[in-house]
Amino acid sequence: MARQPVLGRNIVSTSQPLAAQAGLSMLARGGNAVDAAIAAAMTLVVVEPSGNGLGSDGFAILWDGSALHGLNASGRSPAAWTPERFKGRAMMPERGWDAVTVPGAVSGWIALWRKFGSLPLEVIAEPAIRYARYGYPVSVAVSKLWANAEKVLSGQPGFAECFLPDGRALKAGEIFRSEAMARSLELIAQTEGEAFYRGELAEKMIAHAKEHGADMTLDDLGNHQADFVETLSTPFAEGVVHELPPNGQGIATLITLGILEALGDDGLDVDSPEAIHLALEATKLALADLAQYVADPAFMNIDPKSLLEPAYLAERAKLIDRSTAGLPTYGAPRQAGTVYLTAADEKGMMVSFIQSNYMGFGSGVVVPGTGISLQNRGAGFVLKAGHANEVAPRKRPFQTIIPGFAMDHSGQPLLSFGVMGGPMQAQGHTQMALRMLRHRQNPQAAADAPRWRVVAGRKVAVEASAGPAVLEGLKALGHEIVVDPPEAVFAFGSAQLIARGDNGCYVAGCDSRKDSQAAAF
């Protein structure tokens, strides 16, 4: 039986049931949506370590009841990371300390709490600390990802000590606990993050880095801060879709939707081969621009807004052949392993939040005695000389993780949403916007619908549930179709969505591809 959407005045939707309950417990105690989001994010570090950790990066878009705010809590590279540092390599490292940039998620929690939170931070951290100290049964989806990580990360420093008790990954239903993680969460809450960036935890991180020949220093950690930023947006169908500006890939969603808007709504069914073909072709154009131009905005060669100018998007739309798949390249604009959650409260606050270690457990590095598992976002840099995303000192790498938000044309909130899954995320955002804003599907229907993703060239992966008629129709249009096996379900991401109704109540959907849950009262 298909899941039904969840309705309520206070609501949380996350990728793990225990985290959803942690967030909802804050709302039940009189907290707001930000308190709920932070509690859920802290809990996800413990109960879904296959996708995030205390060493994650994070991003958020928040409606405070009267205005929209963006938050970039991604970290920068160590000051010693010059191009010469990686000379002779074909690509950036994906594992170990040489893949670790400054972790930013903790700074994101603190920045959101200081500006918008209402409950004491130690109260918000209680569920996460409890699960870390006393344990919880590992869920089915997480156990599969944990087993996969054991094969590739068991030799990384600190990984086995924390995540391979008794020398192996935990199976579904077995209890995981980490006193070290509980103590770190307590220190973060007690010191409002100071211990993590300038105190006891920072010193342990840097001691471990030095032990393994890494470049990160106390100055690299201490100089970090999360930044509140303005969102980028584009009108689409019945709303206006908002994404964070680079260094994330959210702009690819906006480019895709802008191209589709320029093509117009032909009244095609959202699941028809013809409609999917147009979305695929627009996505390929957007991804080509993404790969060429997007990086830390301080290092980009163009103004990101130039990629969203209506005239530019209209020109890109003209490149799409409605009868056959193409191989697009980037245009020439005018010069100038992740967890997602969303929460909303009865006073109108809505939060779209995402944090990630990247590539599952990230770098595989876990700082001994702390439970801090570190991301591998350094792998997001390139080594091509002169490229906007070339590795450089104290620079933010290109990021895959993105929160999404949509407003109506009068400036009121419509939808908080996200789709996890590396390069799938911008494509998943496009598909959620198509289904909800153009075709008026409810959040649960949008989350459960079959998905597609551009792989490379004309190769496209499509979920088998799309049906043979769609698959054959796309092949007839020149797409090289790959139907992923059922065990590859995570490659299509996992969605959580909250839509705001006209009566001020909310409707939530969550993805059946993972252990996701929406909870409300």
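Checked by atom type, the side-chain pair Gln375/Thr101 shows a donor-acceptor distance below 3.5 Å. When only modelled atom types and interatomic distance are considered, Glu243 and Gln249 share no side-chain donor-acceptor pair under 3.5 Å. No hydrogens or angles considered: nothing links the side chains of Asp57 and Gln355 as a donor-acceptor pair under 3.5 Å.
A donor-acceptor distance shorter than 3.5 angstrom exists from the side chain of Asn72 to the backbone of Ser74, with no hydrogens or angles considered. When atom types are taken as modelled, the side chain of Asn376 and the backbone of Gly96 share no donor-acceptor pair closer than 3.5 angstrom. Checked by atom type and distance alone, the side chain of Gln425 pairs as donor or acceptor with a backbone atom of Ile402 at under 3.5 Å. In this structure, Tyr197 contributes its side chain and Ser107 its backbone to a donor-acceptor pair below 3.5 Å. No donor-acceptor pair under 3.5 Å is formed between the side chain of Ser77 and the backbone N or O of Trp81. When atom types are taken as modelled, the side chain of Gln444 and the backbone of Cys510 share a donor-acceptor pair closer than 3.5 angstrom. Between the side chain of Tyr136 and the backbone N or O of Val46 there is at least one donor-acceptor pair closer than 3.5 Å.
Note: Phe361 and Phe159 meet the aromatic proximity criterion, with ring centroids under 6.0 Å apart.
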- Task: Under the side-chain hydrogen bond (donor to acceptor under 3.5 Å, both in side chains) rule, what do Gln156 and Arg95 come out as? Steps first, then yes or no, please.
- Result: CA-CA 8 Å; Gln156 292 299 334; Arg95 306 295 184 186; over 6 Å; no

- Does the side chain to side chain contact (heavy atoms under 4.5 Å, CB included) test come out yes or no for Arg133 and Arg177, once each step is laid out? CA-CA 6 Å; Arg133 177 159 288 141; Arg177 58 176 60 88; over 6 Å; no

- Message: Arg198 vs Glu203, test: salt bridge (charged side-chain N to carboxylate O under 4.0 Å, His left out). Steps then yes/no.
- Response: CA-CA 7 Å; Arg198 283 165 283 275; Glu203 291 169 358; over 6 Å; no

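Note that the CD1 atom of Ile61 and the OG1 atom of Thr231 stand 6.0 Å from one another [nearest 0.5 Å]. In this structure, CD1 on Ile498 lies 9.0 Å from CG on Leu341, to the nearest 0.5 angstrom.
Phe228 carries Lys115 over the face of its six-membered ring, with the cationic atom under 6.0 Å from the centre and within 45° of the normal.
Relative ring orientation between His212 and His208 is described as perpendicular, the plane-to-plane angle rising above 60° on a 0-90° scale split at 30° and 60°. Relative orientation of the Trp146 and Phe163 rings is perpendicular, given thresholds of 30° and 60° on the angle between their planes.
Between Asp511 and Arg513 there is a salt bridge, since at least one side-chain N of the basic residue sits less than 4.0 Å from a carboxylate O of the acidic one. In summary, Lys204 and Glu200 engage in a salt bridge, as defined by a charged side-chain N under 4.0 Å from a carboxylate O. Of the charged side-chain nitrogens involved, none lies within less than 4.0 Å of a carboxylate oxygen, so that Asp220 and Arg76 do not count as a salt-bridged pair. The pair Glu463-Arg453 fails the salt-bridge criterion, with no side-chain N (NZ, NE, NH1 or NH2) lying under 4.0 Å from an Asp/Glu carboxylate O. Classification of Lys87 and Glu84 as a salt-bridged pair fails, no side-chain N sitting under 4.0 Å from a carboxylate O. Taking 4.0 Å as the cut-off between side-chain N and carboxylate O, Glu390 and Lys384 do not count as a salt-bridged pair. Residues Asp448 and Arg435 are not paired through a salt bridge, judged by the lack of any N-O separation under 4.0 Å between the basic side chain and the carboxylate. A salt bridge does not link Asp215 to Arg394: none of the charged side-chain nitrogens sits closer than 4.0 Å to a carboxylate oxygen.
Residue Thr400 is tested with Arg377, Met424, Met420 for a side chain to side chain contact (heavy atoms under 4.5 Å, CB included); the sole match is Arg377.
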